[in-house]
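This is a predicted model, so every value here is computed, not measured. Just so we're on the same page: letters track the sequence lines, and every chain starts at 1.
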Amino acid sequence: MSASRERILARVRAAVADAPEAPEPTRDYLTTHTPDDPAAILDLLHENLADYRAIVHRTTADELPLLLMRLLAERGSATVLVPPGLPPEWLSAADATRIHDRSVSTAQELDAVDSVVTGCALAIAETGTIVLDAGPGQGRRRITLIPDHHICVVRVPDQIVASVPQAMPRLDPTRPLTWISGPSATSDIELDRVEGVHGPRTLEVVLLRD
Amino acid sequence: MSGTYLGMPSFPEAAKDAVHNVTLRANLRHATHTIRDKRARAVAELADWAQLREAGKQIKNRTLRHLDRYLEQLETAVTEAGGTVHWAADAEEANRIVADLVKATGEREVVKVKSMATQEIGLNEALEAEGISAYETDLAELIVQLGDDRPSHILVPAIHRNRGEIRDIFAEKMGSWGRPAPDGLSDTPTELAEAARLHLREKFLRAKVGISGANFMVAETGTLVVFESEGNGRMCLTLPETLISVVGIEKVVPSWRDLEVFLQTLPRSSTAERMNPYNSMWTGTVDADGPQTFHLVLLDNGRTDTLADEVGRQALRCIRCSACLNVCPVYERAGGHAYGSVYPGPIGAILSPQLRGIQSEIDASLPYASSLCGACYEVCPVAIDIPEVLVHLREKVADQGGKGHRLEKAAIKAAGWVLNHPAALAAGERVASRTRKLHPKKPPGAGAWTASRELPELPAESFRDWWKKNRT
Ligand code: SF4
């Protein structure tokens, strides 16, 4: 145990010795701001994703392979990163060469890939957020970071929650979590918003109906 | 705090220069007004804002009351998850720990995601002295670093620079740090951001060591959280083999669930967004995903002194959203540099003198860098009563035989605003007097502040109303 550890803890204890007891926080805030209606929640997610300049598509399981083929072709993507556990049928129609992420692949190798397709852990309607937790079909954090184009598939309605308080109990903090709300952006230059400084410049979200 | 700020002139002197810098003033005014209007709309979307604010305040108060317990819990959780926890009593110790950790990797370069704690301790300079180059990767920090400048705002640190200046800095300086700016670089934000992307990508892809701060640490789980927009944070947090996070001890929250409050209030208060583009949360290390070595440096550096002050300790609730800067009439005039610290604006005026003590000229002057109008308290998502702490610190300055009243006049005068708007100052004082629950034993605003004046009447209209009507 370091001397500073003991010193800091002792100073903390001395500092609050006379402080009044602080109660457990009152949580009388809302658990959602949205009516409990799956259609309304889906529409809100769509609207908020689009408001943050993600490109949103709605599709069915049957049409998903053709949609993904088209989205990759429209961008002229020759290569697509495929996380382990991505349902193989999703990319069954795509022409792009699949690149499988391996732990030995370097950041430079990933940098040469055009697009990445992943699933997600869940999506939050009120904030227009998708959350990745490195589960099956999502892969390591860096594969959704380095390629310039990210297509994320959200299962409707299972993977959608209305609000942040509804999201928390469904997430496992011991997994690495990445919350994504629109593409990378900066407003550092005279507050003009510019998309894509470092993360993917294009985020496409596919809302996949069961 | 950082050696960068040693020998800073006091607030009144520093503010005088800023007030005469026309570009700075115009940039600041535009920025603060734009952000504050957007923020008001983002906050209005949540019907339970008042409850979220109260919960945020209570969570932080509870954390501070039992900080020892939560820090120990955090240490255990981080260690069990594969991380290593270090404790640093002051800036020097923190810098030495980080420098030793970097040297142990054999690397001489590190990439950094914007962090106020590392700015506070002057980490970049300390690393440089050890022969280690630290690259700031936040676009604004890059502008500041390349321009050999200092940040002037918590959220938009280069807000004092316009696009033409940024173009010139990039064209002139990028080459000496790495990949030069493209030939014929224009001053459009898109091209400037692209130049930064190319310049920094080289560094991200080869970096072996990343350094960050954190917005929150969860005691229960050992999870660290970083909010950001550009993706440079994700780059620094996931690509390097070794990650070192330097975090103030007050950044801990007890439970995972507590984050649901701040995940709602911080983005809306800060960038006026429902959520900022990226949040990264990690717990120790994870096999084959992200850094395989993780060090957490817990920083005191004046925080336990602040905690010991029963009025002033509320400043440690601050979640660094910067909303108080954007509503502050004095900040708008004086700019961030005048505060002589990495923490500018109203929060800087109460935090810096507490972290550093009030012995120096600049720190003794900071509690006077305010009109006490109360706007900062109204917007604060954790309800820090900044005017109350300012008045409390003024008393302390006065008690140590400071030149309180002179400083107050000088600060207000230097900010160049209230002299032309005496009614605003009066209204502000009245609101402050009326709404703050100041020391119950004494009249509101007691001590240095009221020693030589009558207590004002209750205002006929609030300062905010006055402001809207009279501000051009
Ligand atoms: S004092 Fe309050 S308003 Fe100011 S930066 Fe801190 S949390 Fe935000």
Side chain, backbone, both or neither: which part of [X] has a heavy atom under 4.5 Å from chain A?
X	answer
B/Ala88	backbone
B/Thr285	neither
B/Leu64	backbone
B/Thr137	backbone
B/His66	side chain

**Message:** Any non-hydrogen side-chain atom of B/Leu239 less than 4.5 Å from a side-chain atom of A/Arg142?
**Reply:**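 A side-chain contact under 4.5 Å exists here.
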What I want to find out is whether [X] reaches [Y] closely enough, with some N-O distance under 4.0 Å, to be called a salt bridge.
X	Y	value
B/Arg274	A/Glu126	no
B/Asp48	A/Arg27	no
A/Arg53	B/Glu273	no

Is chain B contacted by the side chain of [X], its backbone, both, or neither, given a heavy-atom distance below 4.5 Å?
X	result
A/Thr144	both
A/Ala17	backbone
A/Leu110	neither
A/Ile143	neither

**Asked** Side chains of B/Gln58 and A/Thr26: is there a donor and an acceptor less than 3.5 Å apart?
**Response**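 Side chains of B/Gln58 and A/Thr26: pair found under 3.5 Å.
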**Asked** Does the side chain of B/Thr304 come under 3.5 Å of the side chain of A/Arg7 through a donor N or O and an acceptor N or O?
**Response**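 Side-chain D/A pair, B/Thr304 to A/Arg7: absent.
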